[in-house]
There are 2 protein chains.
Amino acid sequence: MFSKACEYGIRALTVIAEAGKEHKKIGMKDICKLAKTPEFFTAKILQNLVKQKIIGSQKGPSGGFFIAKDLDKITLYDIVEAIDGKEIFVKCGLGLDKCNAKKPCPMHSQFELVRNELNEMCRNNNLEDLVQGFHGEVYNR
Amino acid sequence: MFSKACEYGIRALTVIAEAGKEHKKIGMKDICKLAKTPEFFTAKILQNLVKQKIIGSQKGPSGGFFIAKDLDKITLYDIVEAIDGKEIFVKCGLGLDKCNAKKPCPMHSQFELVRNELNEMCRNNNLEDLVQGFHGEVYNR
DNA sequence: AAAATAAAGGATATTAAGGTCTTTTTATAC
DNA sequence: GTATAAAAAGACCTTAATATCCTTTATTTT
Ligand code: FES
Ligand code: FES
């Protein structure tokens, strides 16, 4: 469904947000240890998220990553779009150039339902919701 | 959502099924021309579907591919599983080892809805349904 | 039987995703 | 100011998906 980069990104964001509750900032090593994501690859993903202003970062000693805005202002849609692009939210299920209800592919009517559900899900859930559903050692399995 | 192989596979199957109405069999070249899929790659996909008994094939002159069983006995689920495997139908949205409602990832409750919708969609639709939604030159765009 | 046709199979090439390493830059702590 | 810590940036490697080509096998037509 989502790319590895996206899965890792979301996991890392929950960890950063969770940590933000207490110490405000958290470094790469800790993020990856908690989110169980490969370190250098995750670094790339976070660099991208910083550029897109989803998160902030600070260099140097006692630096790290943090969430700049309110958690409920960052939707799952924002995150997925930032990492994977918006293709998944609009793409034709059979890979045709553009999903087109006027000239629908044979799967259109059925696929639209699934894609709409995905859109709704991503638009109606934000980082705060994810952090609420985040408990302890989930990523340790 | 689905792999290219899967998109091509489904498209090819609709073409084979549609053709089956009249001439019973249809060859690679015609399939690919109608389904707008790369020829040699599609060949591999169909070979796989033949092995999995989703379709039948015949070598030699006037040979080709055809659907062996009733169209409504081949669900979208069967097709996707045959090509991409069943991972997408059970996988955790955040890429954890196994989706586990007892130890849910932060996205579990939300993601489950989308995944269930996908499951239902694929189980409740079959090749006959797709052929019904198939009209003329759809793949020409 | 021979020729022709079409799928099967195997080998190889290309591209994109996933992942790692090293160097550079920036900020903090001392 | 110097040393240190941490992110940014860039280069590179690996793997898997996608795609093509060539040879073999089976079947039909003549
Ligand atoms: S045209 Fe294929 S999903 Fe809409
Ligand atoms: S545990 Fe992640 S989707 Fe169920």
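Order of the sequence lines fixes the chain letters, A, B, ..., with proteins taken first and strands second; residue numbering starts at 1 for each chain.
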Every protein N/O lying under 3.5 Å from an N/O of nucleotides 12-14 of chain D:
none

With a 4.5 Å cut-off on side-chain heavy atoms, are [Y] and [X] touching?
{"X": "A:Met107", "Y": "B:Leu130", "answer": "yes"}
{"X": "A:Ile10", "Y": "A:Leu76", "answer": "yes"}
{"X": "B:Glu18", "Y": "B:Leu34", "answer": "no"}
{"X": "A:Met1", "Y": "B:Lys91", "answer": "no"}
{"X": "B:Phe111", "Y": "B:Leu94", "answer": "no"}

Item to check | Sugar-phosphate or base contact per nucleotide [nucleotides 18-30 of chain D; S, B, -; heavy atom under 4.0 Å] | outcome: SBBBB--BBBBS-
Next on the checklist: Angle between the end axes of the helix from C:dA1-D:dT30 to C:dC30-D:dG1, five pairs per end, to the nearest 10 degrees?
Outcome noted: 10°
Checklist entry - Checking B:Lys24 side chain against B:Phe66 main chain: does a donor-acceptor pair fall under 3.5 Å? => result no
Euclidean distance, atom [atom1] of residue [X] to atom [atom2] of [N] [Å, nearest integer]:
{"X": "B:Phe65", "N": "C:dT5", "atom1": "CZ", "atom2": "C1'", "result": "13 Å"}
{"X": "A:Ile83", "N": "C:dG19", "atom1": "CD1", "atom2": "P", "result": "14 Å"}
{"X": "A:Lys29", "N": "D:dA5", "atom1": "NZ", "atom2": "C1'", "result": "9 Å"}

Checklist outcome for this item: Contacts of A:Glu117 meeting side chain to side chain donor-acceptor pair (under 3.5 Å) (sequence neighbours excluded), chain-then-number -> none
Item to check | Over all atoms of both residues, closest heavy-atom pair of A:Lys36 and A:Arg11 | outcome: O-NH2, 2.8 Å
Item to check | Closest non-hydrogen atom pair, B:Ala12 against B:Thr42 | outcome: CB-CG2, 4.3 Å
Checklist outcome for this item: OH (B:Tyr8) and OH (B:Tyr139) are apart, to the nearest 0.5 Å, by 13.0 Å
Checklist entry - Just wondering, more than 12 heavy atoms not from B:Lys69 lying within 6.0 Å of its NZ? => result yes
Item to check | Strand-adjacent residues in residues 45-57 of chain B, judged by heavy atoms under 4.0 Å from DNA chain D | outcome: none
Distance-only criterion, 3.5 Å: show the donor-acceptor pairs between side-chain atoms of residues 77-88 of chain A and protein atoms not counting sequence neighbours.
from: A:Tyr77; atom 1: OH; to: A:Arg123; atom 2: NH2; distance (Å): 3.4
from: A:Asp78; atom 1: OD1; to: A:Thr75; atom 2: OG1; distance (Å): 3.4
from: A:Asp78; atom 1: OD2; to: A:Thr75; atom 2: N; distance (Å): 2.9
from: A:Asp78; atom 1: OD2; to: A:Thr75; atom 2: OG1; distance (Å): 3.0
from: A:Glu81; atom 1: OE2; to: A:Lys86; atom 2: NZ; distance (Å): 2.8
from: A:Asp84; atom 1: OD1; to: A:Ser3; atom 2: OG; distance (Å): 2.5
from: A:Asp84; atom 1: OD2; to: A:Ser3; atom 2: N; distance (Å): 3.1
from: A:Asp84; atom 1: OD2; to: A:Ser3; atom 2: OG; distance (Å): 3.3

